[in-house]
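The figures here come from the full heavy-atom set of this structure, side chains too, leaving out hydrogens, waters and symmetry mates.
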Amino acid sequence: MSSSQSQSEPQPQPSPEPYYAKANPMAVRMNGLVGWLARRGISLAGSAELSVPGRKSGRLQRVPVNPHTYDGTQYLVSARGNSQWVRNMRVAGGGELRVGRKVREFTVVELPDAEKLPVLRTYLEKWGWEVKQYFPGVTAKSSDDELVAAGADHPVFRVTVTK
């Protein structure tokens, strides 16, 4: 190759879009109902309403979640992946969990993939019946390697209650 010819540089490959299972219209209606119930003090199997400031609007965005306790610490797991509440949480660093008049303000730390395994396993033991469609081929009884691989698609936040 002559000095006037340049060797082409490898072009960076576009990264795949992060996993996000958008809610269908029926799921949107069900989420609305579960959130409405939580605001009135009725928790379905431990659900609560999460409020987190929107990363663009700053207005509180509300969505029902399944807070999960593992080894005495509370976590929020995003079964649907990199959802809007996850993106907002990463910017806000915290929010509120509500069941009726009980409102808990909190901050979060997102877990690295390497720390998610025990939280995901116990989350799927408790909530697998509800979220199995978002964890295709993975259950609480899956191998550690399978759960670690699935964990890359499911953000997990450690919750620290501040009020």
Side-chain angles (χ1 to χ4, degrees), residues 17-24 27-28 30-136 138-140 142 144 146-163:
E17 286 292 314
Y19 172 76
Y20 173 44
K22 189 171 179 172
N24 63 34
V28 169
M30 285 301 298
N31 281 346
L33 175 62
V34 173
W36 183 86
L37 289 170
R39 283 190 302 279
R40 280 145 186 84
I42 302 169
S43 173
L44 300 179
S47 63
E49 183 180 67
L50 168 68
S51 296
V52 62
R55 63 193 179 282
K56 295 176 185 173
S57 70
R59 290 182 302 210
L60 285 182
Q61 306 296 309
R62 300 184 310 198
V63 62
V65 292
N66 299 323
H68 177 64
T69 301
Y70 168 72
D71 204 20
T73 302
Q74 193 164 59
Y75 296 88
L76 293 174
V77 176
S78 180
R80 292 179 183 273
N82 289 280
S83 63
Q84 295 302 319
W85 76 258
V86 166
R87 296 171 196 184
N88 290 337
M89 187 68 68
R90 287 175 175 149
V91 172
E96 295 178 347
L97 288 170
R98 171 186 300 274
V99 177
R101 292 183 183 170
K102 184 178 179 182
V103 178
R104 295 175 292 149
E105 292 181 19
F106 64 89
T107 59
V108 294
V109 173
E110 187 168 0
L111 297 186
D113 291 344
E115 295 179 21
K116 294 178 185 178
L117 176 64
V119 176
L120 286 175
R121 186 174 304 283
T122 57
Y123 177 82
L124 289 171
E125 286 170 356
K126 181 173 183 179
W127 297 102
W129 61 273
E130 181 183 354
V131 299
K132 63 185 171 199
Q133 69 270 26
Y134 308 118
F135 290 83
V138 178
T139 69
S142 293
D144 288 356
E146 291 169 321
L147 280 170
V148 168
D153 288 336
H154 301 281
V156 176
F157 296 91
R158 183 176 45 248
V159 172
T160 301
V161 175
T162 58
K163 279 190 184 179

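- Considering OG1 of T139 and CG of L147, their distance stands at 7.5 Å, rounded to 0.5 Å.
- Take Y75 and apply the side chain to side chain donor-acceptor pair (under 3.5 Å) test, not counting sequence neighbours, and it matches no residue.
- Sorted by first then second residue, the salt bridge (charged side-chain N to carboxylate O under 4.0 Å, His left out) pairs that include residues 116-125, not counting sequence neighbours, are D113-K116, R121-D144.
- In this view, E115 satisfies the side chain to side chain donor-acceptor pair (under 3.5 Å) rule with no residue, not counting sequence neighbours.
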Extract all donor-acceptor atom pairs below 3.5 Å that involve side chains of residues 155-163 and protein atoms in other chains or at least two apart in sequence.
unit_1	atom_1	unit_2	atom_2	d
T162	OG1	E105	O	3.2

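- Distance alone, capped at 3.5 Å, is enough to place a donor-acceptor pair between the R87 side chain and the N82 backbone.
- Considering every non-hydrogen atom in both V28 and A23, the closest pair reads CG2-CB, 3.8 Å.
- For the salt bridge (Lys or Arg N to Asp or Glu O under 4.0 Å) test, no residue two or more places apart in sequence or in another chain qualifies with D71.
- When atom types are taken as modelled, the side chain of T69 and the backbone of G72 share no donor-acceptor pair closer than 3.5 angstrom.
- Counting only heavy atoms from C-beta outward, the side chains of L120 and V138 never approach each other to under 4.5 Å.
- For the side chain to side chain donor-acceptor pair (under 3.5 Å) test, no residue two or more places apart in sequence or in another chain qualifies with N24.
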Donor-acceptor contacts under 3.5 Å from residues 93-102 side chains, at least two apart:
unit_1	atom_1	unit_2	atom_2	d
R98	NH1	G100	O	3.2

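- Among residues two or more places apart in sequence or in another chain, the ring-ring contact (aromatic ring centres under 6.0 Å, His included) test is passed with Y19 by H154.
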For this session: Could you walk me through whether V86 and Y20 pass the side-chain contact (heavy atoms from CB on, under 4.5 Å) test, one step at a time?
Result: CA-CA 10 Å; V86 166; Y20 173 44; over 6 Å; no
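- Residue L37 holds its CG atom at 10.5 Å from CD of E49, rounded to the nearest 0.5 Å.
- For the atom pair CG of L50 and CH2 of W85, the computed distance is 6.0 Å after rounding to the nearest 0.5 Å.
- Checked against salt bridge (Lys or Arg N to Asp or Glu O under 4.0 Å), R90 has the following partners two or more places apart in sequence or in another chain: E110.
- Counting only residues at least two apart or on different chains, the side-chain hydrogen bond (donor to acceptor under 3.5 Å, both in side chains) pairs with a member in residues 52-66 are R55-Q84, R55-N88, N66-E130.
- Residues satisfying the side chain to side chain donor-acceptor pair (under 3.5 Å) test with W127, not counting sequence neighbours, are none.
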Side-chain polar contacts of residues 40-47 - donor-acceptor pairs under 3.5 angstrom, sequence neighbours left out - could you list them?
unit_1	atom_1	unit_2	atom_2	d
R40	NH1	W36	O	3.2
S43	OG	G46	N	3.3
S43	OG	S47	N	3.0
S43	OG	S47	O	2.6
S47	OG	L44	N	3.1
S47	OG	L44	O	3.2

